[in-house]
**Q** 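This structure is in structure tokens; I'll ask about it shortly.
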Number of protein chains: 2
Amino acid sequence: MSQLTIEDIARIAGVSRSTVSRVLNGQPNVRPSVRDRVQEVINSYGYAPQAAARQLVMRKTRLIGLILPDNAHHLFGNPIFAEIARGMSQVCAQRGYTPMLFIGRQDMDEATFFSLLRGRHFDGVLLISSDRQDRSAAMLREAGMPYVRVGHDPEDDQDLQYVDVDNVAAARVAVEHLIALGHRRIAMLKGLAKDVCTHARLEGYRQALAAAGIPFDEALVGDGDWTPASGYAWTRRFLDLPEPPTALFSSNDMMVAGVVRAVQERGLNVPDDLAIVGFDDLLQTTMIFPELTTIRQPCVEMGMRAAELLLDQLEHNRRERAQIILPTTLIIRESCGYRRRSAHLSPPAESATAALDDEQRAS
Amino acid sequence: MSQLTIEDIARIAGVSRSTVSRVLNGQPNVRPSVRDRVQEVINSYGYAPQAAARQLVMRKTRLIGLILPDNAHHLFGNPIFAEIARGMSQVCAQRGYTPMLFIGRQDMDEATFFSLLRGRHFDGVLLISSDRQDRSAAMLREAGMPYVRVGHDPEDDQDLQYVDVDNVAAARVAVEHLIALGHRRIAMLKGLAKDVCTHARLEGYRQALAAAGIPFDEALVGDGDWTPASGYAWTRRFLDLPEPPTALFSSNDMMVAGVVRAVQERGLNVPDDLAIVGFDDLLQTTMIFPELTTIRQPCVEMGMRAAELLLDQLEHNRRERAQIILPTTLIIRESCGYRRRSAHLSPPAESATAALDDEQRAS
DNA sequence: TTGTACGCGTTATCAG
DNA sequence: CTGATAACGCGTACAA
């Protein structure tokens, strides 16, 4: 029952296997009555063509690989990633592809990974990575596997097609918001140095300060690692400074949990003693008290755009450069001390593209 | 270059393709000098056998599918799931299998999903689901696909092999802890009704109350949905009660974020005005102030055990019942008002199995 | 130790 | 509209 082949179905239905194949693939040139009979047999036996055999002759799997950096298992626990994946999945399904998240990267050596790629399990790959050290992109290229990346490294521009946000501009807007509220002593929590966006967000912070004529103070920059624990540790240090900050910009929301804890532990409060802007807009942070002002990334859309790019590449052989930068949004809540409506952040002119214009119409 | 077949490699190396195949699969009976020469050609051309062709003849993919309930996209954002997956991945990799997380379930109709299963993409499936309505397990059985489940439904005992924790006992221990601290008005936050563990945890709560002679009070049970928002809403109601609770047991940690917020908003504090025990031991909750007392599940290990069960089933054709219950741990921190060492929770006698004994030795 | 020939289950081509 | 037949790339008895 489980070993049925197309041949068996053909015999049972009293036709040739060519006809069954035609029914299976919705091809024309099958008499309706025959089609129905064959379909009935297929259904009643729960037959489905064996993928491997089909792939062998079709030279296509209609499977899309989703890949994360090898050291990024924590990403699974990151809602941002889940959102991006959701966007990808939606587009893939709509166009008849099946996305598969490749999950064993960190338990596998490079050679094995490379073989997996060359084994043509996937027609193409969606790579989610802002990790500078990650070799995934290089291996994908080496393996001749079509891919589109979410995230990119401006200093290593080998990815032909990617989707990202303008982290510099996003961070700048966040810090400008604090400056507009009158803050001058503004601390910044960085992420891990290996991640490209860490440097971009720091740059945005510097730009905002510079534009306002506020001197950059090394003592106000904390070397975070994306976790709440690092937010906690650095905030304690900041608060111990002779001239402590009155505001803080965190490179992600998760660290803010630690920041808030450190502030409360001192008997201080947010936003009066420390105004905070985060980055990511995680669902959970809605519940931080007070609600967090933060930067929202268009995650679902990044995933959708990346998938569209990839599938276009696969189906129409588009291989031209396509580097899409999507706009972020500053979500203003309570952690900076007042409320107003959300403000859209437009990406800077130099990164504007045709694709981007589409984007703005859509949003 | 990308289209090289085993035949090409053979020609280049000046041998037959049988010999290349032998080298590829590490078989004996190849002269070392020949083996080296062939290997060199393979490496220099970056050749790897095409998975589909190999699968067709081997009748095995060495791919393991990881599947979540169709409505559980939010699980990606759940660190618990990430841990379970990590355990699975580790074991799979170690035994030469590649785990693939099937990610597009909610964008796919049942028929398509069924075809995917029958297409024999995977040798077996690891299903992570405590969802009562989820049809995955039934479809897996219908498709004749070997699977092992993490989580189970005691009222629908059709899963031959599963790994789970004793949610009743775990919840009971959590509530007993509160009772031991002198609390009599203990609120409980439930999860979604569709999840089996929701009912089990409620049952544990009832048992602990009953054992202490505390009457069950419907008004103290909140219908949560696992999110912080529901924790927030219910806690406000609890605090408005004529006789508000002095302690609260939450079915997961995520909801606690909302609970803490509601408490602080009233100018009250944890643990003096409300003692809290959570469930899951998420990394993030370490940063809740004060640190959360909670129940830890052995996630990585659940994943490992499930993977072992599945691979044994595939390789040794083991199809006997194997229902493994792993012990949980009460992690005592600050949210109940005092500190002491962690206490192990042994599973109840009726669920003890040989496998379980292994477990206890291991821990 | 190495090479030859066949089959795995499917789709595509071409003849009827 | 339908049915033979030839690939697809690889593993493996079996022959050399």
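To find a chain, count down the sequence lines: A is the first, B the second, and so on, and within it residues start at 1. Treat the numbers as computed from the prediction; the structure is a model and nothing was measured.
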**Q** Report yes or no: do B:Thr112 and B:Asp109 form a side-chain donor-acceptor pair below 3.5 Å?
**A** yes

**Q** Select base, sugar-phosphate, or nothing to describe what A:Thr5 touches, counting heavy atoms under 4.0 Å on all strands.
**A** sugar-phosphate

**Q** Find the distance A:Glu7:CD to D:dG3:P and express it as a whole number of Å.
**A** 12 Å

**Q** Please give the angle, rounded to 10 degrees, between the axes at the start and the end of the helix from C:dT1-D:dA16 to C:dG16-D:dC1, where five pairs define each axis.
**A** 40°

**Q** Just the rounded figure in Å: distance from P of D:dG11 to CZ of B:Arg17.
**A**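 Between P of D:dG11 and CZ of B:Arg17: 10 Å.
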
**Q** Closest-nucleotide mapping onto DNA chain C: is B:Gly14 or B:Leu56 further toward the 5' terminus? I mean the 5' end.
**A** B:Gly14

**Q** Quick check on DNA chain C: between B:Ala53 and B:Ser16, whose nearest nucleotide comes earlier from the 5' end?
**A**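 So the residue in question is B:Ser16.
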
**Q** Measure the distance from NE2 on A:His121 to C1' on D:dG9 and round it to the nearest whole Å.
**A** 14 Å

**Q** Could you tell me the separation between the CG atom of B:Leu24 and the P atom of D:dC10, rounded to a whole number of Å?
**A** 8 Å

**Q** If we ignore angles and hydrogens, is there a donor and acceptor under 3.5 Å between the side chains of B:Asp164 and B:His152?
**A** yes

**Q** With sequence neighbours excluded, tell me which residues meet salt bridge (Lys or Arg N to Asp or Glu O under 4.0 Å) with B:Glu40.
**A**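 Listed in chain order: nothing, the list is empty.
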
**Q** Donor-acceptor pair, A:Asp123 side chain versus A:Ile64 backbone, under 3.5 Å?
**A** no

**Q** Between D:dC10 atom P and B:Arg62 atom CZ, what is the distance in whole Å?
**A** 18 Å

**Q** Measure from NZ or CZ of A:Arg118 to the centre of the six-membered ring of B:Tyr47 and say whether it is under 6.0 Å with the direction within 45° of the ring axis.
**A**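 No - A:Arg118 does not lie over the ring of B:Tyr47 by the 6.0 Å and 45° rule.
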
**Q** Between B:Lys194 and B:Asp134, is the closest basic N to carboxylate O distance under 4.0 Å?
**A** no

**Q** For a quick check of understanding: with a heavy-atom distance under 4.0 Å over all strands, which category does B:Ser21 fall into, base, sugar-phosphate or nothing?
**A**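 Base, at least one base heavy atom under 4.0 Å.
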
**Q** Hey, could you give me the CZ/CG distance between A:Arg95 and A:Leu314, rounded to the nearest 0.5 Å?
**A**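 Output value for this atom pair is 9.0 Å.
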
**Q** DNA chain D: B:Ala48 or B:Arg22, which has the more 5' nearest nucleotide?
**A**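 Looking at DNA chain D, the more 5' nearest nucleotide goes with B:Ala48.
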
**Q** At less than 4.0 Å, is any side-chain N or O atom of B:Tyr47 found next to OP1 or OP2 of D:dC10? Yes or no.
**A** yes

**Q** Could you check how far CZ of A:Arg118 sits from C1' of D:dC10, rounded to whole Å?
**A**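 Taking atom C1' of D:dC10 as the reference, CZ of A:Arg118 is at 16 Å.
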
**Q** Any base atoms under 4.0 Å from A:Val30, or only sugar-phosphate, or nothing? Heavy atoms, all strands.
**A** sugar-phosphate

**Q** Hey, does the side-chain of B:Arg59 have a donor or acceptor N/O within less than 3.5 Å of a partner on the base of D:dG11?
**A**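 Answer is no: no donor-acceptor pair is held.
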
**Q** Among the nucleotides D:dC1, D:dA13, D:dG11, which one has an atom lying closest to any side-chain atom of A:Asn29?
**A** D:dC1

**Q** How many angstroms lie between OH in B:Tyr97 and CG in B:Leu310, if you round to the nearest 0.5 Å?
**A**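 Going from the OH atom of B:Tyr97 to the CG atom of B:Leu310 covers 8.5 Å.
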
**Q** Nearest whole angstrom, please: distance from the C1' of D:dG11 to the CD of B:Gln27.
**A** 8 Å

**Q** Would you say A:Thr19 reaches D:dG3's phosphate, i.e. side-chain N/O to OP1/OP2 under 4.0 Å?
**A**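 Yes.
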
**Q** If we ignore hydrogens and angles and just use 3.5 Å, is the side chain of B:Arg105 paired with the main-chain N or O of B:Pro69 as donor and acceptor?
**A** no

**Q** Atom CD1 in A:Ile84, atom CD in A:Glu301: separation rounded to 0.5 Å?
**A**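 The CD1 atom of A:Ile84 sits 12.0 Å away from the CD atom of A:Glu301.
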
**Q** Taking any atom under 4.0 angstrom from a heavy atom of chain B, which nucleotides of DNA chain C are the first and last to qualify, 5' to 3'?
**A** C:dT1 to C:dG9

